[in-house]
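Report on one structure; see the data block that follows.
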Amino acid sequence: MPNSAEVKVNGQSYELPVIEGTEQETAIDISAFRAQTGVITIDPGFKNTGSTKSAITFLDGETGILRYRGYPIEQLADQSSFLEVSYLLIYGDLPSPTELAEFQGRITQHTLVHEDFKKILDGFPSTAHPMGVLSSLVTALTAFYPQSLDPNRSWEEVNLSIIRIIAKMPTFAAWSYKNQMGHPVMYPNNNLDYCSNFLHLMFGLPSTEYEVNPIVAKALDKLLILHADHEQNCSASTVRIVGSSQASLYASLSAGINALWGPLHGGANQAVIEMLENIKVDGGDTKKWMAKAKDKNDPFRLMGFGHRVYKNFDPRARIIKKAADEVLEALGVVDPVLDIAKGLEQEALEDQYFVDRKLYPNVDFYSGIIYRALGIPTEMFTVMFALGRLPGWIAQWKEMRENKEPIGRPRQIYTGENERDYKPLSAR
Ligand code: SDX
């Protein structure tokens with residue numbers, strides 16, 4: 001591949017540098033293009049535009065490859081743990097046994113949240129969607145830890161902010177659920193591992209002894225690993241661009257939570273189950289719903305299908321589909337929507353519309369079925385996605401800061417009115 005590209009603008013040729021990544025991906029570097037030509041490029045939704053160079057996650061949409069810091073997602077899902085993967089994403093490599101123990105130890109020192117957070121929680125009605133509660137509680141961390149407001153402080157202080165949010169996120173996530181249920185909140189139990197503590201916070205009650213099911217905890221740990229990062233997706237890009245203004249880590253993460261909330265992104269896992277439930281209530285006629293998904297006059301889309309990058313199977317969907325069968329069998333759960341999901345998948349994989357557009361199940365298609373089997377309510381599914389994606393967002397924010405990237409400020413092509421004079425009210 002030549003290391004330059006030639007572009008002709010208004011009859012004049014310009015040479016642009018071409019850069020190549022460690023997996024032989026190539027990009028035309030247009031950072032000097034506007035200065036040279038007076039012309040910008042435009043790409044709504046940045047479908048074909050790179051925003052940065054990153055060493056965190058590699059994915060190949062054509063072949064369905066996903067690796068965190070070079071390690072295949074299949075191996076990490078099978079052999080690692082969510083906290084170990086969090087360390088890998090944030091600090092760049094797998095920890096030694098001592099490093100992992102120290103990391104886990106530091107996290108357990110910061111799981112408790114200030115009692116005044118309960119006053120914030122009390123301000124939300126039980127009708128509040130847990131994602132809105134979660135993003136508010138994360139932003140509120142800046143009030144309790146004002147030193148976190150300045151991302152330019154020492155690395156030790158920035159790293160303490162990182163440890164704090166990893167430690168407190170399970171508490172915030174569980175409290176957003178308790179608020180919806182009108183139940184008393186629970187306090188973290190540092191004798192439990194990360195996922196068992198979350199389940200204790202979610203389903204424990206002061207009046208009863210909650211026994212964590214190890215199958216549930218293990219399945220949850222695998223799901224969090226699968227959601228931990230996904231390069232420059234909508235919410236990670238949001239975290240990076242908010243952080244590029246030197247807003248705090250917590251402000252950037254709260255923005256990422258809100259970006260994830262949308263049904264085209266992390267909110268899809270909730271939308272998938274709602275869709276499957278609708279199909280079940282409607283008599284299970286998947287052919288009717290497939291026709292709706294293909295009908296351009298019908299706003300309905302097959303939720304959990306399609307992806308901006310994967311034009312093959314999302315490797316995470318393969319792993320989650322297998323885990324769904326295993327978890328439901330182990331828990332003795334029979335969920336009719338799982339059969340509906342499998343039926344939809346089979347039909348879509350044989351349907352020309354989906355084949356032509358390379359639409360395959362994505363990470364959200366089966367994840368809700370496992371969450372449901374674990375007893376997690378539908379409106380909490382996207383909160384679970386945020387809990388998993390937290391280390392990825394932190395890693396992306398940290399990399400952007402370390403690379404000293406400039407504030408994000410895209411250009412535009414103006415299509416409004418040309419200059420015109422103001423008309424006083426009497427003349428209109
Ligand atoms: C996540 O980016 C990431 O990495 C995200 C994520 C992560 O880990 O961070 O992987 C997590 O967000 C997964 C995606 C979850 N969203 C959904 O499942 C919602 C349903 N999917 C679609 O809305 C859609 O597939 C997107 C948003 C995921 C991707 O949309 P694109 O890349 O902008 O593609 P597009 O909308 O331009 O679609 C191309 C064509 C269109 O048809 P034509 O105009 O060419 O005729 O495919 C059609 C679309 O109408 N299409 C679908 C469809 N998805 C795309 N048609 C029916 N059902 C669908 N689900």
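Keep in mind that the numbers below use all heavy atoms, side chains included, and drop hydrogens, waters and symmetry copies. We count ligands from 1, going down the list as the structure has it; atoms in each ligand are counted the same way.
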Q | The one among Leu359, Leu260, Val309, Val272 that brings a heavy atom closest to atom 55 (C) of ligand 1 | A | Leu359
Q | Heavy-atom nearest option to atom 60 (N) of ligand 1, drawn from Asp295, Leu302, Asp314 | A | Leu302
Q | For atom 40 (C) of ligand 1, the option (of Lys292, Arg357, Gln232, Lys311) bearing the nearest heavy atom | A | Arg357
Q: Using the six-membered ring wherever Trp is involved, compare the ring planes of Phe385 and His265 and label them parallel, tilted or perpendicular (cut-offs 30° and 60°).
A: perpendicular
Q: Closest by any non-hydrogen atom to atom 8 (O) of ligand 1: pick that one out of Arg316, Glu231, Arg308, Met290.
A: Arg316
Q) Is it true that atom CG of Asp356 has more than 12 heavy atoms of other residues, nucleotides or ligands lying nearer than 6.0 Å? A) yes
Q. Which is closest to atom 6 (C) of ligand 1 in terms of heavy atoms, His307, Lys296, His227?
A. His307
**Q.** Residue that, paired with Phe313, satisfies ring-ring contact (aromatic ring centres under 6.0 Å, His included) out of Phe365, Tyr360, Tyr366
**A.** Tyr360
**Q.** Cation-pi check, Lys292 onto Trp289 ring (under 6.0 Å, within 45° of axis)
**A.** yes
Q. Quick one: does Gly304 get a heavy atom under 4.0 Å from ligand 1?
A. yes
Q: Find all atoms of ligand 1 within a distance of less than 4.0 Å from any non-hydrogen atom belonging to Ala268, and give their numbers and elements.
A: 15 (C), 16 (N), 17 (C), 18 (O)
Q) Starting from atom 56 (N) of ligand 1, which protein heavy atom do you reach first, and at what distance in Å? A) Tyr353 OH, 3.0 Å
